[in-house]
Number of protein chains: 2
Amino acid sequence: MSIVLHNGCLGSDEIVNDTEETQGRSERRDAAENRQRILDAALRLFEHNGVEQVSMNQIATEAKIGPGTLYRRYRNKSELCLDLMKENIIILFENIEAHLTQNRTAPASQRLKGVLILFIRFREKKSQLLTGVEESTTTNRFRSRTQSPLYVELHQLLVGLLDEMTVTGHTPPDSVFKADMLLMALSSDSYSFQKEERGYSSEKFLEQIWLTFNFQDV
Amino acid sequence: MSIVLHNGCLGSDEIVNDTEETQGRSERRDAAENRQRILDAALRLFEHNGVEQVSMNQIATEAKIGPGTLYRRYRNKSELCLDLMKENIIILFENIEAHLTQNRTAPASQRLKGVLILFIRFREKKSQLLTGVEESTTTNRFRSRTQSPLYVELHQLLVGLLDEMTVTGHTPPDSVFKADMLLMALSSDSYSFQKEERGYSSEKFLEQIWLTFNFQDV
DNA sequence: ATAATAAACGGAGACGTCTCCACTTGTCAA
DNA sequence: TTGACAAGTGGAGACGTCTCCGTTTATTAT
């Protein structure tokens with residue numbers, strides 16, 4: 001599972017690229033079959049029990065394969081969820097791309113807001129799976145999050161927009177840093193905490209982000 | 001293990017309060033002894049192997065007690081780390097209190113900066129243990145982080161300062177939200193990521209936080 | 001077809017978290 | 001002192017992640 005970084009503007013189709021890097025050789029027939037079983041089993045279990053509640057073990061059992069086989073394909077649940085979200089990720093990036101070209105002449109802050117809105121919508125749509133993607137059993141949660149191609153891609157995008165927005169005259173705030181903070185603020189953990197514990201709606205949340213990061217009006 | 005919220009300004013001594021809520025009855029002798037063994041064992045193992053690498057199992061074995069006994073006292077490693085840091089937490093809050101009264105008349109933004117500096121120093125000093133405190137095996141990492149009394153206390157403090165700093169005339173950014181974001185930005189995950197992956201020094205990190213959140217100069 | 005071979009498989013097992021509960025032990029009132 | 005009993009204990013065991021490695025299977029060259 002890998003999302004291929006592309007040169008220049010977003011190429012929605014190339015973003016999610018399965019099979020190992022640059023075609024080693026096509027997938028063996030039995031392997032392909034098993035992968036489908038895994039995906040089916042996972043989806044079934046996720047729907048019945050919720051993503052959080054389902055263990056890799058259960059998935060293996062449901063798919064009637066050994067744990068080793070499951071782990072060979074997906075190092076953890078996070079990777080599996082990512083694979084299950086391929087579709088939606090592609091759509092997200094297509095939407096972003098469309099929005100970005102449509103508003104090509106608008107101020108960067110406006111384009112940024114649009115991107116954030118699209119991302120929040122995306123998050124809402126498949127919140128459980130996305131939380132699954134961002135989760136990680138192993139130590140260094142943030143580290144694994146930031147290594148995910150989804151993160152890298154979005155980060156790059158944000159850096160571009162933030163750079164454009166930099167107010168000339170002030171000390172330039174490092175856009176890389178700012179993008180990291182922004183993505184952290186938009187993470188599952190943060191988002192669901194604000195919604196559930198602090199009682200914010202999506203709109204209020206976004207508004208607060210905007211105020212906190214002190215972006216330009218509208 | 002509980003940190004008692006206090007009324008009004010910081011009462012450094014009351015912040016860390018052991019034994020269960022408001023004295024149920026004093027700890028049994030054998031229990032007290034075991035707790036000491038646990039603390040000793042944990043410290044020993046942490047020093048030799050690093051906090052991350054040590055499991056609750058190992059601690060129990062090293063302390064020569066059953067796993068059940070260990071878990072009865074500390075629901076997880078995080079709580080154990082918190083107990084191990086009591087001293088340092090008290091000192092942190094004492095320092096903050098001192099700084100706050102010393103600069104009582106200075107602008108809130110300056111006081112805030114001081115608090116952040118003290119916090120970063122605190123983090124540096126016991127980084128491993130603090131990371132341990134913020135870690136959590138269970139689902140909902142952020143949730144458990146935010147429920148920790150250390151979080152609640154700091155959050156309260158920040159809200160106070162941020163409220164003072166609110167520029168009259170702008171849309172008031174919710175200080176509770178801002179404080180959440182700030183604490184998230186200062187979390188172990190974030191801090192160590194910026195230091196190790198992005199190559200920031202403590203000073204640069206703090207500077208970027210300042211710029212990102214767009215606080216007043218100095 | 002068939003042999004060679006690399007990929008894929010499965011499950012045992014190491015190690016981890018955490019719970020449950022029958023048993024022991026400290027404490028305190030009588 | 002002693003007995004009642006809450007507090008504390010320990011370890012078996014349920015369940016989870018993840019690895020290792022001997023065996024099976026698909027593919028491809030012959």
Side-chain angles (χ1 to χ4, degrees), chain A residues 1 18-21 23-39 41-42 45-46 49-81 83 132-133 135-141 144, chain B residues 1 18-39 41-42 45-46 49-81 132-133 135-141 144:
Chain A
M1 186 65 198
D18 238 277
T19 74
E20 63 283 355
E21 43 180 326
Q23 310 288 59
R25 176 179 299 180
S26 69
E27 204 177 21
R28 240 170 70 170
R29 206 179 59 252
D30 55 348
E33 188 185 308
N34 270 340
R35 121 173 293 143
Q36 200 49 55
R37 293 158 73 119
I38 292 172
L39 258 22
L45 288 172
F46 286 170
N49 307 83
V51 176
E52 304 258 3
Q53 294 307 312
V54 177
S55 73
M56 290 294 267
N57 251 350
Q58 286 174 65
I59 296 172
T61 304
E62 175 85 10
K64 297 194 212 316
I65 59 172
T69 306
L70 177 53
Y71 278 98
R72 150 174 261 271
R73 204 166 304 276
Y74 301 105
R75 276 200 304 275
N76 47 52
K77 211 163 67 170
S78 165
E79 284 192 359
L80 210 172
C81 288
D83 206 3
V133 171
E135 222 157 57
S136 169
T137 311
T138 21
T139 46
N140 275 334
R141 198 101 156 291
S144 76
Chain B
M1 185 63 199
D18 238 277
T19 75
E20 62 282 357
E21 44 181 324
T22 64
Q23 308 289 60
R25 178 180 299 180
S26 70
E27 205 176 21
R28 241 171 67 168
R29 206 178 61 251
D30 54 347
E33 189 185 307
N34 270 340
R35 121 175 292 148
Q36 199 50 54
R37 293 156 74 113
I38 293 172
L39 258 22
L45 288 172
F46 286 168
N49 307 83
V51 176
E52 305 257 5
Q53 295 308 309
V54 176
S55 72
M56 289 295 266
N57 251 349
Q58 286 175 65
I59 295 170
T61 304
E62 174 84 10
K64 297 196 211 323
I65 59 172
T69 306
L70 178 53
Y71 278 98
R72 151 174 261 271
R73 205 166 304 275
Y74 301 105
R75 277 200 302 277
N76 47 52
K77 212 163 65 169
S78 165
E79 284 192 359
L80 210 172
C81 288
V133 171
E135 222 156 58
S136 169
T137 311
T138 22
T139 46
N140 276 334
R141 198 101 155 292
S144 74

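Per chain, numbering begins at 1; letters A, B, ... match sequence-line order.
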In Å, rounded to the nearest 0.5 Å, how long is the span from [atom1] of [X] to [atom2] of [Y]?
| X | Y | atom1 | atom2 | result |
| --- | --- | --- | --- | --- |
| F46(A) | Q58(A) | CZ | CD | 9.5 Å |
| I38(B) | I59(B) | CD1 | CD1 | 8.5 Å |
| L80(B) | L39(B) | CG | CG | 6.5 Å |

Requested in this report: Quick one: label D30(B) by what it contacts on the DNA or RNA (base, sugar-phosphate, nothing), any heavy atom closer than 4.0 Å.
Outcome: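 Answer is sugar-phosphate: D30(B) comes under 4.0 Å of backbone atoms only.
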
Within the structure, does a side-chain N or O atom of [X] lie under 4.0 Å from either OP1 or OP2 of [N]?
| X | N | result |
| --- | --- | --- |
| Q58(A) | dG16(D) | yes |
| R29(A) | dT27(D) | yes |
| R73(A) | dC9(C) | yes |
| T69(A) | dA8(C) | no |
| N34(B) | dG8(D) | no |
| R72(A) | dA8(C) | yes |

Rounded to the nearest Å, what distance is computed from the [atom1] atom of residue [X] to the [atom2] atom of nucleotide [N]?
| X | N | atom1 | atom2 | result |
| --- | --- | --- | --- | --- |
| E79(B) | dC18(C) | CD | C1' | 13 Å |
| E52(B) | dT17(C) | CD | P | 13 Å |
| I65(A) | dC18(D) | CD1 | C1' | 14 Å |
| Q53(B) | dG16(C) | CD | P | 10 Å |
| R75(A) | dG16(D) | CZ | C1' | 19 Å |
| Y71(A) | dA12(C) | OH | C1' | 15 Å |
| K64(A) | dA8(C) | NZ | C1' | 20 Å |
| N57(B) | dG10(D) | CG | C1' | 13 Å |

Query raised in the report: Using 4.0 Å as the upper bound for N to carboxylate O, is an ion pair formed by E33(B) and R37(B)?
Result: yes

Query raised in the report: Charged N to carboxylate O under 4.0 angstrom, R35(A) versus D83(A)?
Result: yes

Report task. Would you kindly compare M56(B) and R28(A) by the position of their nearest DNA chain C nucleotide and give the one closer to the 5′ end? Result ->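 Counting from the 5' end, the first nearest nucleotide belongs to R28(A).
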
